[in-house]
2 protein chains.
Amino acid sequence: MTAPERSLRADARRNREAVLAAAAELFAQRGDAVQMDEIAERAGLGVGTLYRHFADKQALLAAIIGRRFEAMTALARAAAEAEDPWEAFETLLYGYLESAQADAAFRFALLGPEEPSWNDIVAEKTDFSAITERIVRRAVDAGRLRDDFRADDFVLITRGAMANMTGAGGWRRHVMLLLEGIGGPER
Amino acid sequence: MTAPERSLRADARRNREAVLAAAAELFAQRGDAVQMDEIAERAGLGVGTLYRHFADKQALLAAIIGRRFEAMTALARAAAEAEDPWEAFETLLYGYLESAQADAAFRFALLGPEEPSWNDIVAEKTDFSAITERIVRRAVDAGRLRDDFRADDFVLITRGAMANMTGAGGWRRHVMLLLEGIGGPER
DNA sequence: CTCTAACCTGAACATGAACTCCGGTTCCGA
DNA sequence: TCGGAACCGGAGTTCATGTTCAGGTTAGAG
């Protein structure tokens with residue numbers, strides 16, 4: 001889909017990168033609400049060039065999102081290295097959410113009601129899910145996460161936090177409430 | 001905004017209701033992604049008629065959302081009647097979220113990045129916030145919610161849950177995790 | 001250096017959806 | 001019953017944005 005890295009003329013390869021860079025920045029800022037003309041201008045190219053490299057807007061967005069997910073997988077892999085199960089979990093959780101905060105396109109992909117969901121695509125292209133599952137299991141086994149905590153709950157939590165990223169940065173408090181529970185002493 | 005109930009010709013009042021009914025149903029189903037033509041057809045009217053009653057799509061949506069918020073305020077008022085502070089809180093929370101689940105337009109209004117936020121408009125038109133604040137305070141005072149729980153946290157929680165309403169009905173689990181916390185025994 | 005396939009440009013086009021407009025219709029007071 | 005103000009219908013207008021393509025430019029093999 002984004003593949004043809006080899007056998008591109010030098011200028012073509014250069015322009016392709018420029019498009020990706022411009023699109024990444026703009027999508028990250030304003031999510032889906034960016035015009036192709038705008039991306040072209042930012043990249044210092046004509047619109048036609050965008051379409052030489054990407055079939056349509058959707059494909060361009062997919063390329064950007066794909067990159068983010070690869071970065072996300074790398075992050076997860078790194079988090080899994082931690083000896084302490086809880087540290088691994090926290091690193092993954094906050095790393096994931098900080099990326100989401102910095103990138104509206106990423107949030108858009110994860111929160112949007114797309115069909116088929118990006119989550120599914122990711123499951124087929126990266127092993128992010130598998131790594132996450134392992135990290136979660138370790139934290140559960142160490143007694144740091146409740147017994148019935150599943151990898152699906154990680155998705156639940158992150159979606160919840162991401163929904164609180166517009167406006168003030170309330171998502172950290174949301175995560176804190178989740179970690180500690182909202183109950184009081186008399187519960 | 002939605003005001004002129006009196007001094008409308010009989011057919012006009014009837015049609016106005018038809019428009020509101022059709023719009024409410026469609027918006028509830030598919031949120032913002034509904035065409036004016038579609039609403040007109042569903043109401044058995046021409047598009048022109050929609051525009052006779054509402055300045056634009058935004059105004060129509062606002063009227064619908066406004067109604068939902070009034071219903072929400074009534075719900076909150078009813079919940080506040082409960083003698084048990086916790087029962088009041090739970091009634092409000094689940095009532096609110098069940099409404100959100102049934103109405104995509106409502107979710108759209110609450111989750112969207114609109115400017116100014118619907119939340120602000122609501123604060124000026126209804127006393128939903130005040131009632132919620134009272135319910136929250138009672139639950140805190142009774143020791144059923146953590147001491148530092150604020151009304152803002154109610155918003156945080158509901159936004160989080162609403163973000164998990166697409167696809168499977170995972171929002172109930174999200175709320176449960178929030179209520180109990182995700183920590184394990186060794187935390 | 002030359003030649004051509006690959007590449008680039010951006011004005012023009014296509015599409016879709018909000019909104020307008022005015023001839024025709026309906027309500028309702030007198 | 002009648003007159004006219006209020007109202008309605010829906011084809012047509014406008015505007016925004018994604019996409020194309022004919023014509024000019026450039027990389028790079030020979």
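Note on naming: letters A, B, ... go to the chains in the order of the sequence lines (proteins, then strands), and numbering restarts at 1 for each one.
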Discussion item. For the aromatic rings, using the six-membered ring if either is Trp, is the centroid distance between B:F106 and B:F27 under 6.0 Å?
Written reply: no
Discussion item. Are B:Y96 and B:F128, when compared by the centres of their aromatic rings, separated by less than 6.0 Å?
Written reply: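 When the ring centroids of B:Y96 and B:F128 are compared, they turn out to be within the sub-6.0 Å range.
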Spacing of [X] atom [atom1] relative to [N] atom [atom2], expressed in whole Å:
{"X": "A:E38", "N": "D:dG18", "atom1": "CD", "atom2": "P", "value": "9 Å"}
{"X": "B:Q35", "N": "D:dC15", "atom1": "CD", "atom2": "C1'", "value": "16 Å"}
{"X": "B:Q58", "N": "C:dA17", "atom1": "CD", "atom2": "P", "value": "18 Å"}
{"X": "A:R9", "N": "C:dA6", "atom1": "CZ", "atom2": "C1'", "value": "5 Å"}
{"X": "B:L50", "N": "C:dT20", "atom1": "CG", "atom2": "C1'", "value": "13 Å"}
{"X": "B:L61", "N": "C:dA18", "atom1": "CG", "atom2": "P", "value": "11 Å"}
{"X": "A:I39", "N": "D:dG18", "atom1": "CD1", "atom2": "C1'", "value": "11 Å"}
{"X": "B:M36", "N": "D:dT13", "atom1": "CE", "atom2": "C1'", "value": "16 Å"}

Selection from [options] that lies nearest to any side-chain heavy atom of [X]:
{"X": "B:H53", "options": "D:dC8, C:dC19, D:dT19", "answer": "D:dC8"}
{"X": "B:D11", "options": "D:dC7, D:dT26, C:dA18", "answer": "D:dC7"}
{"X": "B:N15", "options": "D:dG18, C:dT9, D:dC8", "answer": "D:dC8"}
{"X": "B:V47", "options": "C:dT9, D:dA11, D:dT20", "answer": "D:dA11"}

Worksheet item: Contact class for B:V19 (heavy atom, under 4.0 Å): base, sugar-phosphate, or nothing?
Response: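 Result for B:V19 = nothing.
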Worksheet entry | Given DNA chain C, 5'-ward residue of the pair B:A10 and A:G48, judged by closest heavy atom |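 It is A:G48 whose nearest nucleotide is closer to the 5' end.
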Practice prompt. Could you pick out which residue, B:R14 or B:A55, lies toward the 5' side of DNA chain C when each is mapped onto its nearest nucleotide?
Written response: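 So the residue in question is B:A55.
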Practice prompt. Output yes when at least one side-chain N/O atom of A:Y51 is less than 4.0 Å from OP1 or OP2 of D:dT20, else no.
Written response: no
Worksheet item: Does the side chain of A:L50 reach to within under 4.5 Å of the side chain of A:K57, using non-hydrogen atoms?
Response: no
Item to complete: Show your working on salt bridge (Lys or Arg N to Asp or Glu O under 4.0 Å) between B:R30 and B:E38 and close with a plain yes or no.
Response: CA-CA 12 Å; B:R30 317 212 309 272; B:E38 209 172 345; 2.9 Å; yes
Practice prompt. Give a yes or no on whether a salt bridge exists between A:E17 and A:R67, defined as a side-chain N under 4.0 angstrom from a carboxylate O.
Written response: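 Yes, A:E17 and A:R67 are salt-bridged.
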